[in-house]
Number of protein chains: 2
Amino acid sequence: MGRRSDHSRAELEALILAEGHRLMADVGFARFSAREVAKRIGYAVGTLYNVFGSYDMLLAAINTRTFELWAAHLEDRLAAPSAERIAALVEGYFSFAADNMNLWTAIYDHRLPLDMAMPEALVTRRAALTEVVVREVAAILPPETKDRAPRLARSLVATVHGHCTFALNGSFALLGETAPLEMAIARVRESLIAAGATIAD
Amino acid sequence: MGRRSDHSRAELEALILAEGHRLMADVGFARFSAREVAKRIGYAVGTLYNVFGSYDMLLAAINTRTFELWAAHLEDRLAAPSAERIAALVEGYFSFAADNMNLWTAIYDHRLPLDMAMPEALVTRRAALTEVVVREVAAILPPETKDRAPRLARSLVATVHGHCTFALNGSFALLGETAPLEMAIARVRESLIAAGATIAD
DNA sequence: AATTTAATTGAACGCTGATCAATTAAAATA
DNA sequence: TATTTTAATTGATCAGCGTTCAATTAAATT
């Protein structure tokens, strides 16, 4: 068939994704552009559209990759926890966001058009992040209430997300708060203890 | 002086702000443009730049107005609370965001360049929102711990913000959560009770 | 009436996402 | 090998964006 480059379709997709992810990390959502990705990999803009279909789908793919790196980061922290596991989880949430601000921010900056659904495959890959938290929450809930872990875990992720957002966008600093991470950990502990969890320290 | 329109400088600023706010509500952050605002009020683009200095400052002004409407909405809910006051506050946070999605979202979509500080006047006006929450939290804390109200209030706002974000961006729905508001209220109550607050219901 | 002053303009610049007829080269066929 | 078919790739083109600033306009001053 008429391909004329060194790359198979799958390789090309991976190439675009890798360079797109790099560009997003470098310049952030507002300055990201498909043209710049194309220029950096030596292809024309049209090729990116052929491979990903639209700008939105390219962004969705890039952000999904970020989700996966984020989940891996959490697992890293849990593999050699420097604190109690729940605190390590919250710290991992924060440190990934802080160390990858542009990537992390892009996840929430990008919204698909209302008439455009996230492909099932991407949904599944993104869900892995929450699943780590569900597992850890279930592990410390009393056996008879473990079925509450999914809902509680999602709610705690939301709690941490809010604190992380305000920490990184400067809202906390503006209001004089100097220890957002400690605040987030405290709120999560309170809710877990209210749910009957047993936490060390 | 050489003004040639019907509007004083202050009136023109108010006109741009009003129309800009309307456009933001209509089309959202991604489709908002200074050119479209100019077209709608019958001025040239350059005039908006003369009045606001930059696109960023126009957006900051529009979002500050949204903050004020939001705070007013909270006070409305508190004036005739349909539930216990803290629950009414959380409900007010959610309902403003849900009823003004484009405006609410724009607050967090827009970030000033790192080398550009938010004007002090705007910071002050935005802070009014948090002050409502600080006041309500202080009112239910034991007298001897009222000095903890500011930090705790900010943290609870972050908690609610996270839940509201996930509720509106579809994260909760995607994970099967159907009652984000109730979740947020539960988390806030747990933290307030842990801090020794007395809450009705 | 002539001059000064300041508000307002809008063409120009370099960028964006998106499209799609034209081009290219590999694969299939004769 | 020569021809035809097929599909990957291109990039000019379009409409739009934020931003600038010399030129224009009209009000205020002299």
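Naming convention: chains lettered A, B, ... in sequence-line order (proteins, then strands); numbering from 1 in each chain.
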Review point. Which ones in residues 13-30 of chain A lie close to DNA chain D, meaning a heavy atom under 4.0 Å from one of its atoms?
Key: none

Exercise for review: Take the protein atom CD1 of A/I41 and the nucleotide atom C1' of D/dT9, then report the distance between them rounded to whole Å.
Suggested key: 12 Å

Review point. How would you list, by chain and number, every residue that makes a salt bridge (charged side-chain N to carboxylate O under 4.0 Å, His left out) with A/R22, sequence neighbours excluded?
Key: A/E19

Revision key, fill the gap. Residues at least two apart in sequence or cross-chain that pass salt bridge (charged side-chain N to carboxylate O under 4.0 Å, His left out) with A/K39, listed by chain then number, are A/E36

Practice item. Output every pair passing salt bridge (Lys or Arg N to Asp or Glu O under 4.0 Å) with a member in residues 153-167 of chain A, not counting sequence neighbours, ordered by first then second residue. Key: A/R154-B/E177

Practice item. For B/R111, enumerate each residue passing the side-chain contact (heavy atoms from CB on, under 4.5 Å) test, keeping only those at least two apart in sequence or located in another chain. Key: A/T105, A/D109

Study note, to complete from the structure: A/H7 NE2 to D/dT10 P, in whole Å, measures 11 Å

Revision key, fill the gap. To the nearest angstrom, the CG-P distance between A/L58 and C/dT16 comes to 14 Å

Point to revise | Residues that B/A61 engages under side-chain contact (heavy atoms from CB on, under 4.5 Å), provided they are two or more places apart | key: B/L17, B/F52

Check your understanding: What integer distance in Å separates A/K39:NZ from C/dT16:C1'?
Key -> 12 Å

Check your understanding: Once you round it to whole Å, what is the distance between P of D/dA8 and CG of A/L12?
Key -> 10 Å

Point to revise | Any pair counted as salt bridge (Lys or Arg N to Asp or Glu O under 4.0 Å), so long as it reaches residues 51-69 of chain A, sequence neighbours left out | key: A/E68-A/R125

Identify the pairs formed between an N or O of the protein and an N or O of nucleotides 17-21 of chain D at a distance under 3.5 Å, and give each distance.
unit_1	atom_1	unit_2	atom_2	d
D/dC17	OP1	B/S33	OG	3.0
D/dG18	OP1	B/A34	N	3.3
D/dG18	OP1	B/Y55	OH	2.9
D/dG18	OP2	B/A34	N	3.3
D/dG18	N7	B/R35	NH1	2.3
D/dG18	O6	B/R35	NH1	3.0
D/dG18	O6	B/R35	NH2	3.3
D/dT19	OP2	B/Y49	OH	2.5
D/dT19	OP2	B/Y55	N	2.8
D/dT19	O5'	B/Y49	OH	3.4

Exercise for review: Answer yes if the side chains of A/R187 and B/T159 hold a donor-acceptor pair under 3.5 Å, and no otherwise.
Suggested key: no

Revision key, fill the gap. Whole-Å distance, A/L112 CG to C/dG17 P, equals 16 Å

Review point. Does any pair with a residue in residues 78-102 of chain B pass salt bridge (Lys or Arg N to Asp or Glu O under 4.0 Å), and if so which ones, sequence neighbours excluded?
Key: B/R77-B/E91, B/E84-B/R189, B/R85-B/E136

